[in-house]
Every structure is written in structure tokens, then in C-alpha cells.
Number of protein chains: 2
Amino acid sequence: MVNIKEVAKQAGVSASTVSRVLTGNIPVAAETRQKVLDAVKDMNYQPNPLAQGLKGTRIKAIGLFIPNVRDLVFPAAVRGIEDTAKQHGYTVVLCNTDESIEKELSYIQNLRRRLINGFILSTARSNSPHLLALKEEKFPMVCLIRHLGEELDAVVLDNRDGAYQAVKYLVQRGHRKIVILNGNMEVYLYRERFAGYRQALEEAGIPLDKRLIFDNINGWDESGRVVRDMLNSGVRPDAIFGTSDPKAIGVLKAVKDCGFRVPDDISVIGFDDSDIAAFLDPPLTTVAQPFYEMGVKACEKLIRLIESKRRSRPKVEVLPARLVVRDSVR
Amino acid sequence: MVNIKEVAKQAGVSASTVSRVLTGNIPVAAETRQKVLDAVKDMNYQPNPLAQGLKGTRIKAIGLFIPNVRDLVFPAAVRGIEDTAKQHGYTVVLCNTDESIEKELSYIQNLRRRLINGFILSTARSNSPHLLALKEEKFPMVCLIRHLGEELDAVVLDNRDGAYQAVKYLVQRGHRKIVILNGNMEVYLYRERFAGYRQALEEAGIPLDKRLIFDNINGWDESGRVVRDMLNSGVRPDAIFGTSDPKAIGVLKAVKDCGFRVPDDISVIGFDDSDIAAFLDPPLTTVAQPFYEMGVKACEKLIRLIESKRRSRPKVEVLPARLVVRDSVR
DNA sequence: CTGAAAGCGCTTACAG
DNA sequence: CTGAAAGCGCTTACAG
């Protein structure tokens, strides 16, 4: 690999000059500049980012924390982030945290030292002191999809309203006995979605029924199991609200496995509008979360944070939720 | 961030000594060693990987090229890779190439200079001179899922046999008019799958029928469109073989949209056994490609390549395909 | 076994 | 506008 000295030699200038034309913020005579540019092109020279990084220049990389790429919902966001990063010359390091604090810590340990200029976090529970600590160090970071309150920049959906819209729609269609399959209530977004559920029911004068409320459910296997147990035990709801598409997918299958039709016997509604939603049978009615766009926004926000000198106050950007009506609700 | 000098000072030794105990391959007196370790622990010191990288030490990062994380099939492989990488202290940089040579080139340009120790490529078409060139430079790399012949290490499935098993199964179940929806024939793996299709038909004495063979089809939208057109034009196959699960998913929907039942009227078979396959309706019969395990294997192979001095001859590891029978074939 | 020195490939004050 | 020098934080021959 050719280095700056060899380029300097070929161009007949000093290494300093080469560096100056390449970094670009210090003026160089047009003629000299051209000679350097020619040599650079000729030798196909590219500065070593490690050396640049050592000098404090940007290494142009960001760390992305998500629970699991393998979850239906994250790839679209990841793609939005990566596309945006690439566009700005940044590289993205993927970290699967499985929502484990230990894993997060070990990634942070590993990446913190200048190998990365900032983080996008899609992983936060309410108690994340290690993340707040990073924030204290002025490490650029933005939360995506999930967030930790007002202290950190974030791009999130209006989760309460999304759930509200979903359940309100169910109510409007005449359903009253509405099951909610919710995620871990330690995660802010699930608390919000529950709040939306409750609000819609309250407005309709439908009392909360503990037997219809299921917490801390993850993914399709778990949601399927819960629904099967419920149905087998004789409970017979009008509709089931899965607070994520994976949960709704588990519901779809479990309901049919138990001999009921969707939506004729039981309506199902999801949350996410993942890529597969329209291809399910029946096509899933669900609340859209524009993952790709959210990824783009989060990444742009982060790069702005990294590249701007002064810190402005953190802002959490709340995007509107939108119900996508397909055929899984009667 | 504390650096090696400060640690040396606290431990009362030279920076050289600190470096020696940390890298570990040069002997240090037990007592000195302990002092250093104490200081390191005390100050929570971690060497700056940038500086280490500059000196030629491993930066411990790998670049992962896939067409698109958002495709159903890649996340599981990505996860296998990332888990393995993490276990070995490596970091993975995700690159979505969209099968574009230009994108690949720009990633290579960007990552080559020591920011990455090697590549995992899941992206190769048959003409990939830029990848072969990397290989020439002795850059460690391994192909995953797709490969480029014998010159490069690789972990792939026995694609021909997988397709053969699928179509043979169809034939055994009494189907004769079997449509194949195949991918881009420039991709080796799709040529192989086609070969398997042909072989199974030949063995059964069923002549190839051009009207049942569709090439260069990508993803569910395209496959759905093709199937709808075919069905509307009056062609009525016994079975449809989608050479990837996404294609099969498009088929499932299109067939039903056209008023036919799966599998009663038309059987459908896929390839991949993606996570969602069992949750489709009907659950999809498909050829399993153990993505996670393949990711693990590829990553281990790459790390071995990176960390071993001498190059051994490239080996392509071909894993056996396995048909997973569910309910989409009559 | 240990320290002082050189050097990895850059960038950026410091002179001129 | 340009060059020589120092320095980023390490590692590793070179002496001792």
C-alpha cells in the first residue's frame, strides 16, 4: 500500500503538502495542488484511516446496537442506517445485544476507543446507566425505535397513538372483547402501546379485563403458545392485538391451528407493518412503523451530532403512526 | 482516555513493559507483571486499537458483504457471523451491495486499508475480477452461500442436490407439470438449482417445458407477478418451485389471489427454510439452508485465515441440503 | 527481564 | 504558500 511519503516524492512536494491538499481546509497553490492530485490519482493513493484516526481525525464509523438482526423488524431500519452512513462515507458496525446489559457493555468497551464515532441504539430499557454514562462523556449517540426519555436524542414512533388507533379501529368494527399480547413492560414503548390500548377501551366504555391482557411476550413462538392456551381454555375473544408483527404472526397461526378463521371468527391486528405483513394470509392489518425512514433519520441525526462542534439540547423526534388496513380484521 | 504512558507511570515501569505484559508473547517477571496488571485494572486501561492497527497488529474487524439485509434470508447468516466474530473479539462491518459491482468496489476502497482484516462475501456473481484481485493481494476472504468457483474459500450448500430433492419430492407426489421460478442465471447457485430441477425431471422422464421455466426473478413481488400472469393466461401447473423462500412467498399469495388453493389445487415448494417458513399458510415445504450455522462456519474459517501465517489452498465446503416437509405440497 | 529509541502513517502548529 | 518537526498511542527490535 502506497503511503503519503511516496506520493509526496512522486509529486515533488512534502508530505505536509499532500496532506493539506487532501484534507482541504488549508490553502495550497493551484499548481502544486494539481501535481499532488495527479500523483494521488496515478498511484491510487488512499490515506490510512488508522493513522488519521490516531491524529484525532474522524474514523467515520458508527456502532449500531439492536437486539437481534434476525427479528423481522430490524433489517429495514438497519438498511436505512447503512445506506445513509455509506452516503456520508461512514461505515456501520453491527452489534446484536439480545437486550443483555452485559453484551452491551462488552460492545461498548470494545468500540469506544475511537474505533467508532458514535452509536445508534435500538436497545434501551428504562434502566441503562451504562448508556447514560456514555452520554456523560459526550459520546454522540441517538436512540432509534426505543428511547430512554428526554436526555438522549431519539427517533421514535408515536407508540401510544399507534396502539390507540389500532384498538379504536377494532372497537369501531364492533369488537369488544379485545386481547392484547404485549411485550416487556420495562421497555418504554410497550408501556406506551399499553396506554394506547387502555385509552381506546376507556373511550369506548369497555372495562379492562385482566384475563385478556398478556405481558412480557416475545416473538411468534411465545405469542402462539399463549393464544393456543387461551383458546383451549375456552376464552373466546373477538379480536387479538399483537403489539408487534412477529407476535401477530404467531397469533395468526395459533388461531387457525385451533380451528378458527381469521378474520371471520377472530380478528387480528399487528404493529410494525414489517415487509412480510402484506404477504401473510390474510394480509395483516397493522400499524406502520416506517423503519427504513426512521433509520435514515437516526443516522443523519447522529452524523450531524458527530460532525458539529457544539452540542445542542437532545431532541426526541416522534413520528406519527399510521394504521394500514388490510384483511385480518373483520 | 488513559494511555499506555500513564499506566506505565502508575505501575512504575516503562511503556514497553506494559505493552509486553498486555500483548503477552514476551516474558515479563511475575512481580512486574502483577504491578502492571494492577495498574491496568485500576485505571481501566484499554489499548487504543487504532495505534495497535498502525503498528500492524490486528484491528480485529471483518467486512461482511451481502446484497441486502432486508432480504428474508440473510439476517440469520449475519447473526451467525456476528456471534462468532464477537466471540473471537472481532467486530463486523455490514455492507449492503445490492449486487452492484460499483457498490462493492466503493466498499472495498473504503475498507481495505487495514480497517478490516478480511471479508465475508455473500454477493458474488461469476464475473468478479475485483474480488479475485483482492484475493491476489492475499487479502483473507471467504465466500458464503454464493461462491466463485474453487479459487476462494467458501461455505455453501449443495444447491444442485437441494433443488433435485425438492423436485424429486414433487414428482414422487405425482406432480408432472412443475414450474420453476429461478433467480439470475449469472449467479452460480441458481445455475446449480436449475441443474437439480432438470435432473429430477429427466430421471422421471418428464421433458423440459420452456413455458414452465422462468428466469431472473427476484423476490416476492416479481414472482407473484409472474405467477399471476401465468395463471391468468390459462397455464395451470401441478406445482410451483420457487428457488428461494421469498419467491415461494410471492407464489403462495398469487396462487391464492387467483382463486386456487395451496396445496389442493397447486403445490408450492420453496428453498431456504427461512425463519418465517413454518408460519406461512400453509406452512411451507422447502429446502433447508442452515444460514446461521453457515455464517458461523464462514466466520471461523475467515478468522483462521486471518490469524494463521501460512496460506493453505482454498477449500469450498459444501453442506448437505435437507428437504423440510410441511404442508404446501399435496 | 527491562528501558530507550525508532517507527507505523498521518496531521498540524511552527517557522519562514 | 510550503517544509521540517513534533506527536497521536502503540509495538518491537536493539542494547544492556
Side-chain angles (χ1 to χ4, degrees), chain A residues 1-37 39-40 43-61 89 109-117 307 309, chain B residues 1-37 39-40 43-61 89 109-117 307 309:
Chain A
M1 291 270 80
V2 25
N3 64 23
I4 198 171
K5 271 191 188 165
E6 307 176 49
V7 176
K9 196 168 170 188
Q10 167 136 173
V13 300
S14 73
S16 325
T17 301
V18 175
S19 173
R20 283 193 273 257
V21 348
L22 260 15
T23 51
N25 12 19
I26 294 158
V28 175
E31 196 189 352
T32 321
R33 204 180 126 71
Q34 200 42 248
K35 281 191 297 184
V36 170
L37 257 18
V40 164
M43 310 176 81
N44 188 25
Y45 168 68
Q46 283 190 271
N48 182 331
L50 260 34
Q52 296 184 123
L54 239 203
K55 288 301 295 183
T57 323
R58 326 255 69 130
I59 194 85
K60 291 210 167 195
Q109 287 280 323
N110 202 345
L111 297 180
R112 197 221 302 252
R113 302 203 109 236
R114 297 255 215 95
L115 270 184
I116 240 77
N117 301 312
E307 298 187 345
K309 312 287 163 211
Chain B
M1 290 269 82
V2 24
N3 66 22
I4 199 171
K5 272 191 188 164
E6 307 176 49
V7 176
K9 195 169 171 190
Q10 167 137 171
V13 298
S14 73
S16 326
T17 301
V18 174
S19 173
R20 284 195 271 259
V21 347
L22 259 17
T23 51
N25 10 17
I26 294 159
V28 175
E31 194 188 352
T32 321
R33 202 180 128 73
Q34 199 43 249
K35 280 191 299 186
V36 170
L37 257 20
V40 165
M43 308 176 81
N44 188 25
Y45 167 69
Q46 283 191 275
N48 182 331
L50 259 34
Q52 294 183 123
L54 238 204
K55 288 301 292 181
T57 324
R58 328 254 65 132
I59 194 88
K60 292 211 168 194
Q109 288 280 323
N110 202 344
L111 296 180
R112 196 221 303 254
R113 305 203 109 237
R114 299 257 214 91
L115 269 183
I116 241 76
N117 300 312
E307 298 188 346
K309 312 289 162 212

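What you are looking at is a predicted structure, and each value in this text was computed from that prediction instead of being measured. Convention: sequence-line order gives letters A, B, ...; per-chain numbering from 1.
In this structure, NZ in B:Lys9 is found 15.0 Å from CD1 in B:Ile4, a value given to the nearest 0.5 Å. To the nearest 0.5 Å, the span separating CD on A:Glu31 from CD on A:Gln34 amounts to 10.0 Å. Note that NZ of A:Lys60 and CD of A:Glu307 are 5.0 Å apart. Values are rounded to the nearest 0.5 Å.
With rounding to whole Å, A:Leu22 atom CG is found 15 Å from C:dT12 atom C1'. Atoms CD1 (A:Ile26) and P (C:dC14) sit 13 Å apart, rounded to a whole Å. One atom, CG of A:Leu115, and another, P of D:dG9, lie 14 Å apart when rounded to the nearest Å.
Heavy-atom minimum distance, B:Met43 versus B:Val2: O-CG1, 3.5 Å.
Helical stems in DNA chain C, defined as runs of 3 or more consecutive Watson-Crick or G-U wobble pairs with both donor-acceptor distances under 3.5 Å, are listed by first residue as C:1-3 with D:14-16, C:5-12 with D:5-12, C:14-16 with D:1-3.
Using a 4.0 Å heavy-atom cutoff across all strands shown, A:Thr17 reaches sugar-phosphate atoms only and no base atom.
Between A:Gln52 and C:dT11 there is a side-chain N or O to OP1 or OP2 distance below 4.0 Å. Side-chain nitrogen and oxygen atoms of B:Asn3 include at least one within less than 4.0 Å of the OP1 or OP2 phosphate oxygen of D:dG9.
Of the residues in residues 28-36 of chain B, those lying under 4.0 Å from DNA chain C by heavy-atom distance are B:Val28, B:Ala29, B:Thr32. Only B:Ser16, listed by number, bring a heavy atom of residues 5-16 of chain B to less than 4.0 angstrom from any atom of DNA chain D.
Listed candidates were C:dC8, C:dC10, D:dT11. Nearest to the side chain of A:Asn48 is C:dC10.
The closest side-chain donor-acceptor pair between B:Ser16 and B:Ser19, if any, does not fall under 3.5 angstrom.
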